Amino acid sequence: METMVTAALAPLVGGRVFQDVHPSVTPRPCITFRVTGGTPLSFLDGSAPAREIVRVAVTTWGSTNLETAAIGKAAEAVLRAATALQTTVLSYRNPMIDSTTGAAITTQEFEFFV
């Protein structure tokens, strides 16, 4: 899943896509994503499922809320189009200012069936 998400989002920000956190010297715009949970699948026979339902938060980092909103909207479009991820959008894009860095960020949650 991580490889597929990175590959889908990389063209939007010049390849600057990171799982969990980005290096402090990373130029903006960039994207981070992190697994926030999921929904376990269980079968009556006790066998393990071949696929999982994974919840992921995608955060775009930029200079302004307008910039991060535009990248966030593009990220949603490419993740919806990534058929291997079987994307479900769980939330609308949430713009804010990161309290640590002062960067404009937009976060959105997705669910992937991979």
Side-chain angles (χ1 to χ4, degrees):
M1 180 276 304
E2 293 84 350
T3 303
M4 289 186 281
V5 170
T6 299
L9 298 175
L12 302 177
V13 289
R16 294 180 301 277
V17 178
F18 306 92
Q19 187 173 358
D20 297 323
V21 296
H22 62 80
S24 61
V25 296
T26 304
R28 295 181 194 129
C30 66
I31 296 175
T32 58
F33 67 94
R34 65 183 177 89
V35 175
T36 60
T39 304
L41 297 173
S42 299
F43 299 122
L44 293 176
D45 67 2
S47 63
R51 300 172 76 181
E52 299 176 313
I53 300 172
V54 183
R55 189 177 320 117
V56 174
V58 174
T59 302
T60 57
W61 298 74
S63 300
T64 67
N65 282 334
L66 287 175
E67 178 184 38
T68 62
I71 297 167
K73 187 172 185 176
E76 179 181 330
V78 299
L79 292 172
R80 283 180 184 268
T83 55
L85 290 170
Q86 293 191 13
T87 303
T88 301
V89 178
L90 297 179
S91 70
Y92 193 72
R93 293 174 299 281
N94 182 23
M96 63 187 84
I97 301 297
D98 181 65
S99 61
T100 304
T101 64
I105 63 173
T106 296
T107 300
Q108 187 170 17
E109 285 203 317
F110 300 89
E111 193 170 73
F112 305 124
F113 184 53
V114 290

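This structure is a prediction, so every number in the text was calculated from the model and none was measured. Side chains included, hydrogens not; waters and symmetry mates left out as well; all remaining heavy atoms used. All residue numbers in this chain count up from 1 along the given sequence.
Looking at heavy atoms from C-beta onward, Asn94 lies out of side-chain contact with Thr106 at the 4.5 angstrom threshold. Using a 4.5 Å heavy-atom threshold, the side chains of Phe112 and Val5 count as touching. Using a 4.5 Å heavy-atom threshold, the side chains of Thr101 and Arg28 count as touching. When side chains are defined from C-beta on, Leu85 counts as touching Val114, because their heavy atoms get closer than 4.5 Å.
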Begin with the C-alpha distance, continue with both residues' side-chain angles, and end with the deciding distance and a verdict on side chain to side chain contact (heavy atoms under 4.5 Å, CB included) for Val35 and Met1.
-> CA-CA 10 Å; Val35 175; Met1 180 276 304; 3.7 Å; yes
Between Thr36 and Glu109, does a side-chain hydrogen bond (donor to acceptor under 3.5 Å, both in side chains) hold up when you go through it step by step?
-> CA-CA 9 Å; Thr36 60; Glu109 285 203 317; 3.3 Å; yes
Could you walk me through whether Gln19 and Arg34 pass the side chain to side chain contact (heavy atoms under 4.5 Å, CB included) check?
-> CA-CA 6 Å; Gln19 187 173 358; Arg34 65 183 177 89; 5.7 Å; no
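Aromatic ring orientation, His22 versus Phe18: tilted (interplanar angle from 30° to 60°).
Tested against Thr107 for a side chain to side chain contact (heavy atoms under 4.5 Å, CB included), the candidates Thr59, Thr32, Thr60, Val58 yield a single pass: Thr59.
Heavy-atom neighbours of Glu52 CD from other residues, nucleotides or ligands within 6.0 Å: at or below the threshold of 12.
The same ILVMFWY cluster, assembled from side-chain heavy atoms under 4.5 Å apart, contains both Val17 and Phe110. No chain of hydrophobic side-chain contacts below 4.5 Å, direct or via other Ile, Leu, Val, Met, Phe, Trp or Tyr residues, connects Phe113 to Met4. Residues Met96 and Ile71 are members of separate hydrophobic clusters, defined by side-chain heavy-atom contacts under 4.5 angstrom among Ile, Leu, Val, Met, Phe, Trp and Tyr. The same ILVMFWY cluster, assembled from side-chain heavy atoms under 4.5 Å apart, contains both Leu9 and Val89. By the rule that hydrophobic residues join a cluster once side-chain heavy atoms approach within less than 4.5 Å of another member, Val13 and Val78 end up as members of one cluster.
The two residues Thr26 and Arg16 come nearest to each other via the heavy atoms CG2-CD, 3.9 Å. Between Ala84 and Arg51, the shortest heavy-atom contact is O-NH2, 4.3 Å.
Side-chain atoms of Thr68 and Trp61 form no donor-acceptor pair, as typed in the model, at a separation below 3.5 Å.
Partners of Thr88 under the side-chain contact (heavy atoms from CB on, under 4.5 Å) rule, at least two apart in sequence or in another chain, are Leu90, Glu111.
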